[in-house]
Amino acid sequence: MTSNLRRLAQADYPRLRQFLVEHWGSEELIAHGNIYGPEQLEGFVVEAGNEWVGLITFFIKDEECEVISLDSLREEQGIGTQLINKVIEEARARKCHRLFLITTNDNLNALGFYQKRGFEIVKVYRGAVNESRKRKPSIPLVGMHGIPLRDEIELEIKL
Ligand SMILES: CC(C)(COP(=O)(O)OP(=O)(O)OC[C@H]1O[C@@H](n2cnc3c(N)ncnc32)[C@H](O)[C@@H]1OP(=O)(O)O)[C@@H](O)C(=O)NCCC(=O)NCCS
């Protein structure tokens, strides 16, 4: 089935909330101590028929664009690349001077994915996930690949 990438519209927000709960355990996302509610986020979705098979959300402030979430539900078909490229294009068009994001120390797949697409690691916030866990106890102690989930890692592309 062919897929279609489009910008999130106001009518999509109930579904966005549901998607974030399903994939990130809460409709509010925490990165480096900031809490982002769905109403603050912009995004693009990839649809196959009626199904959301990819979603990226982002937040633009002070000429910086932060990717808040990226999910591909059909991996290794180019959906993640399509979505990140779309946000790079959007951030450039809106005169941002950098695009950045936070991932966690256990997410080896994401660390590889972003670095292969031009992102560089610029900061490590040691123990930041441990701090977030105090506010959101559902964050597990052990993350992907059995790696202790502790740190936030910031990656960026200068635009
Ligand atoms: C990280 C993530 C977004 C990548 O999404 P994806 O849709 O699998 O990404 P792509 O398909 O564009 O690229 C993944 C790989 O598949 C390959 N690929 C793309 N299209 C392909 C195709 N048609 N056939 C075979 N391989 C293909 C790409 O080359 C890429 O490999 P590379 O990184 O070695 O170049 C996805 O794994 C994910 O949702 N992870 C869980 C959530 C997460 O961790 N999000 C990021 C933190 S915010």
Side-chain angles (χ1 to χ4, degrees), residues 1-8 12 15-38 40-49 51-61 64-91 96 98-126 128-133 136 138-157 159:
M1 186 183 283
T2 55
S3 58
N4 167 46
L5 187 158
R6 66 171 177 82
R7 189 181 293 274
L8 283 181
D12 293 313
R15 192 160 173 191
L16 171 65
R17 289 171 189 276
Q18 195 187 331
F19 187 101
L20 295 177
V21 171
E22 272 170 33
H23 296 277
W24 294 93
S26 164
E27 60 178 54
E28 291 188 326
L29 303 177
I30 305 184
H32 51 92
N34 294 330
I35 299 182
Y36 298 90
Q40 293 170 273
L41 303 177
E42 301 182 57
F44 294 100
V45 62
V46 175
E47 288 174 316
E51 193 189 344
W52 284 15
V53 295
L55 172 75
I56 193 163
T57 63
F58 61 96
F59 180 75
I60 295 183
K61 189 182 164 203
E64 295 194 339
C65 178
E66 177 172 5
V67 172
I68 307 296
S69 71
L70 171 60
D71 289 285
S72 168
L73 305 192
R74 294 192 188 160
E75 292 177 295
E76 303 197 348
Q77 295 180 21
I79 292 172
T81 305
Q82 217 186 334
L83 285 166
I84 197 74
N85 285 343
K86 187 72 189 169
V87 172
I88 292 173
E89 186 188 306
E90 174 81 6
C96 294
R98 75 171 190 134
L99 173 65
F100 74 104
L101 59 94
I102 301 278
T103 188
T104 48
N105 65 293
D106 63 320
N107 199 342
L108 305 183
N109 184 33
L111 287 166
F113 174 84
Y114 291 121
Q115 289 182 87
K116 286 181 183 181
R117 283 154 188 82
F119 284 79
E120 291 179 35
I121 294 175
V122 288
K123 278 185 198 146
V124 177
Y125 298 93
R126 291 184 67 194
V129 183
N130 295 337
E131 289 306 307
S132 298
R133 192 179 292 108
K136 192 175 164 186
S138 58
I139 298 174
L141 284 165
V142 178
M144 291 174 230
H145 316 284
I147 299 173
L149 177 49
R150 283 191 282 248
D151 312 313
E152 292 185 346
I153 296 178
E154 183 175 322
L155 296 105
E156 75 167 26
I157 292 191
L159 299 173

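What you see is a predicted model; the values in this text were computed from it and never measured. One-based numbering, in listed order, for ligands and for the atoms of each.
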Enquirer: How are the rings of W52 and F19 set to each other: parallel, tilted or perpendicular (split at 30° and 60°)?
Expert: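 Tilted, since the angle between the ring planes falls between 30° and 60°.
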Enquirer: What short N/O contacts, under 3.5 Å, does ligand 1 make with the protein, listed by atom pair and distance?
Expert:
| from | atom 1 | to | atom 2 | distance (Å) |
| --- | --- | --- | --- | --- |
| ligand 1 | 7 (O) | S72 | OG | 2.7 |
| ligand 1 | 7 (O) | G80 | N | 2.9 |
| ligand 1 | 8 (O) | E76 | N | 2.9 |
| ligand 1 | 11 (O) | E76 | N | 3.2 |
| ligand 1 | 11 (O) | Q77 | N | 3.1 |
| ligand 1 | 11 (O) | G78 | N | 2.7 |
| ligand 1 | 12 (O) | T81 | N | 2.9 |
| ligand 1 | 12 (O) | T81 | OG1 | 2.4 |
| ligand 1 | 20 (N) | G78 | N | 3.2 |
| ligand 1 | 33 (O) | R117 | NH1 | 3.2 |
| ligand 1 | 33 (O) | R117 | NH2 | 3.3 |
| ligand 1 | 34 (O) | K116 | NZ | 2.6 |
| ligand 1 | 35 (O) | R117 | NH2 | 3.2 |
| ligand 1 | 37 (O) | E75 | OE2 | 2.3 |
| ligand 1 | 37 (O) | N109 | ND2 | 3.0 |
| ligand 1 | 39 (O) | S72 | N | 2.8 |
| ligand 1 | 44 (O) | N107 | ND2 | 2.7 |
| ligand 1 | 45 (N) | L70 | O | 2.8 |

Enquirer: Would you say the ring centroid of F58 lies under 6.0 angstrom from that of F44?
Expert: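 Judged by ring-centre distance (under 6.0 Å), F58 and F44 do meet the cut-off.
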Enquirer: Would you mind listing every side-chain hydrogen bond (donor to acceptor under 3.5 Å, both in side chains) that reaches into residues 18-30, with sequence neighbours excluded?
Expert: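 Listed by first then second residue: R17-E27, W24-D71.
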Enquirer: Pick from L155, T57, V87, L83: which one makes a side-chain contact (heavy atoms from CB on, under 4.5 Å) with V67?
Expert: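 Per the side-chain contact (heavy atoms from CB on, under 4.5 Å) rule, the option paired with V67 is V87, out of L155, T57, V87, L83.
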Enquirer: Ion pair present between E152 and R126, side-chain N to carboxylate O less than 4.0 angstrom?
Expert: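 No salt bridge links E152 with R126.
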Enquirer: Are K136 and E131 ion-paired here, with the side-chain N under 4.0 Å from a carboxylate O?
Expert: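 Here K136 does not pair with E131 in a salt bridge, since their nearest N and O are not under 4.0 Å apart.
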